[in-house]
Amino acid sequence: MDCPWGEKAFSRYLGEDRARWREWDASVLLAETPAGECPPLLVDQGDRDDFLEKQLKPEALEQAARKGGHELTLRLQPGYDHSYYFIASFIEEHLRHHAVALGRV
């Protein structure tokens with residue numbers, strides 16, 4: 001909610017009351033969820049993503065995970081941007097990660 005895209009989307013979907021936005025912000029939810037109630041998280045981010053600094057702010061997610069006591073693996077992938085190629089490059093590993101986290105493997 002603390003980035004231009006978040007402000008635009010949340011204000012249009014949820015109205016101007018920023019207090020209502022908190023229940024939809026991943027970083028806020030992660031920070032406020034008690035330790036042990038969240039499965040291990042895996043996030044990949046391209047270091048050449050044009051949205052990295054002003055919009056995505058992975059450091060906010062990292063800080064929220066620490067605050068909530070949650071396991072987060074945040075990997076900054078060199079040379080990748082915000083493209084479908086980036087997603088295709090890492091999706092299999094993420095599907096395997098989530099299958100394990102959900103007890104499917």
Side-chain angles (χ1 to χ4, degrees):
M1 63 186 230
D2 291 325
C3 69
W5 181 89
E7 291 174 2
K8 180 180 178 179
F10 286 163
S11 66
R12 287 188 169 83
Y13 285 112
L14 303 170
E16 295 298 325
D17 181 4
R18 291 178 70 92
R20 290 190 60 216
W21 301 2
R22 295 178 60 76
E23 59 192 276
W24 297 95
D25 184 294
S27 294
V28 172
L29 293 171
L30 190 59
E32 294 178 354
T33 297
E37 290 190 22
C38 182
L41 301 171
L42 173 61
V43 176
D44 280 299
Q45 177 63 60
D47 72 349
R48 296 218 178 147
D49 190 322
D50 292 336
F51 301 106
L52 184 61
E53 290 182 32
K54 292 184 181 177
Q55 300 287 1
L56 299 173
K57 301 183 176 186
E59 68 280 355
L61 190 66
E62 201 168 35
Q63 182 180 5
R66 271 195 307 273
K67 182 178 179 184
H70 304 291
E71 182 182 338
L72 168 65
T73 301
L74 177 61
R75 304 184 302 194
L76 200 58
Q77 300 292 356
Y80 285 90
D81 58 11
H82 202 84
S83 67
Y84 287 106
Y85 177 73
F86 168 74
I87 295 168
S89 298
F90 299 98
I91 192 68
E92 183 176 345
E93 190 174 354
H94 282 259
L95 292 172
R96 291 182 191 285
H97 167 86
H98 293 298
V100 170
L102 295 171
R104 307 279 182 174
V105 175

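What you see is a predicted model; the values in this text were computed from it and never measured.
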Enter the distance from Phe90:CZ to Gln77:CD here, rounded to the nearest 0.5 Å. 3.5 Å

Can you tell me how far the CG atom of Asp44 sits from the CD1 atom of Ile91, to the nearest 0.5 Å? 10.0 Å

Hydrophobic clustering (ILVMFWY, side-chain heavy atoms < 4.5 Å, transitive) - are Met1 and Trp24 grouped together? yes

Quick one: sort the Tyr85 and Tyr80 rings into parallel, tilted or perpendicular, breaks at 30° and 60°. parallel

Does atom CD of Glu32 have more than 12 heavy-atom neighbours, drawn from other residues, nucleotides or ligands, at distances under 6.0 Å? yes

Looking at Ala35 and Gly69, what are the two nearest heavy atoms and their distance? CB-O, 3.8 Å

Would you say Gln45's side chain and Leu52's backbone share a donor-acceptor pair under 3.5 angstrom? no

Is the number of heavy atoms from other residues, nucleotides or ligands under 6.0 Å of Arg20 CZ greater than 12? no

Once rounded to the nearest 0.5 Å, what's the spacing between atom CZ of Phe10 and atom CZ of Arg22? 11.5 Å

To the nearest 0.5 Å, atom CZ of Arg12 lies from atom CD of Glu7 at 11.0 Å

Determine whether a donor-acceptor pair (N or O, by modelled atom type, separation under 3.5 Å) exists between the side chain of His94 and the backbone of Ile87. no

Spatial distance of atom CD (Glu53) from atom CD (Glu59) [nearest 0.5 Å]: 8.0 Å

Ignoring hydrogens, what is the shortest heavy-atom contact between Leu30 and Cys38? Give both atom names and the distance. CD1-SG, 3.8 Å

May I ask you to say whether Arg48 pairs ionically with Asp81, meaning some side-chain N is under 4.0 Å from a carboxylate O? no

Of all the heavy-atom pairs spanning Cys3 and Gln55, show the shortest one and how long it is. SG-O, 3.3 Å

Gln63 CD: over 12 foreign heavy atoms closer than 6.0 Å: no

Looking only at heavy atoms, which two atoms of Ala101 and Pro40 are closest? And how far apart? CB-CD, 4.4 Å

Do Trp21 side-chain atoms and Gly15 backbone N/O form a donor-acceptor pair below 3.5 Å? yes

On a heavy-atom basis, which atom in Ala65 and which in Leu72 lie closest, and how many Å separate them? CB-CB, 3.8 Å

Closest contact, heavy atoms only, Leu41 versus His97: C-NE2, 3.9 Å

Quick one, Val43 and Leu61 - any side-chain contact, counting heavy atoms below 4.5 Å? yes

Between Asp50 and His82, do the side chains contain a donor N or O and an acceptor N or O under 3.5 Å apart? no

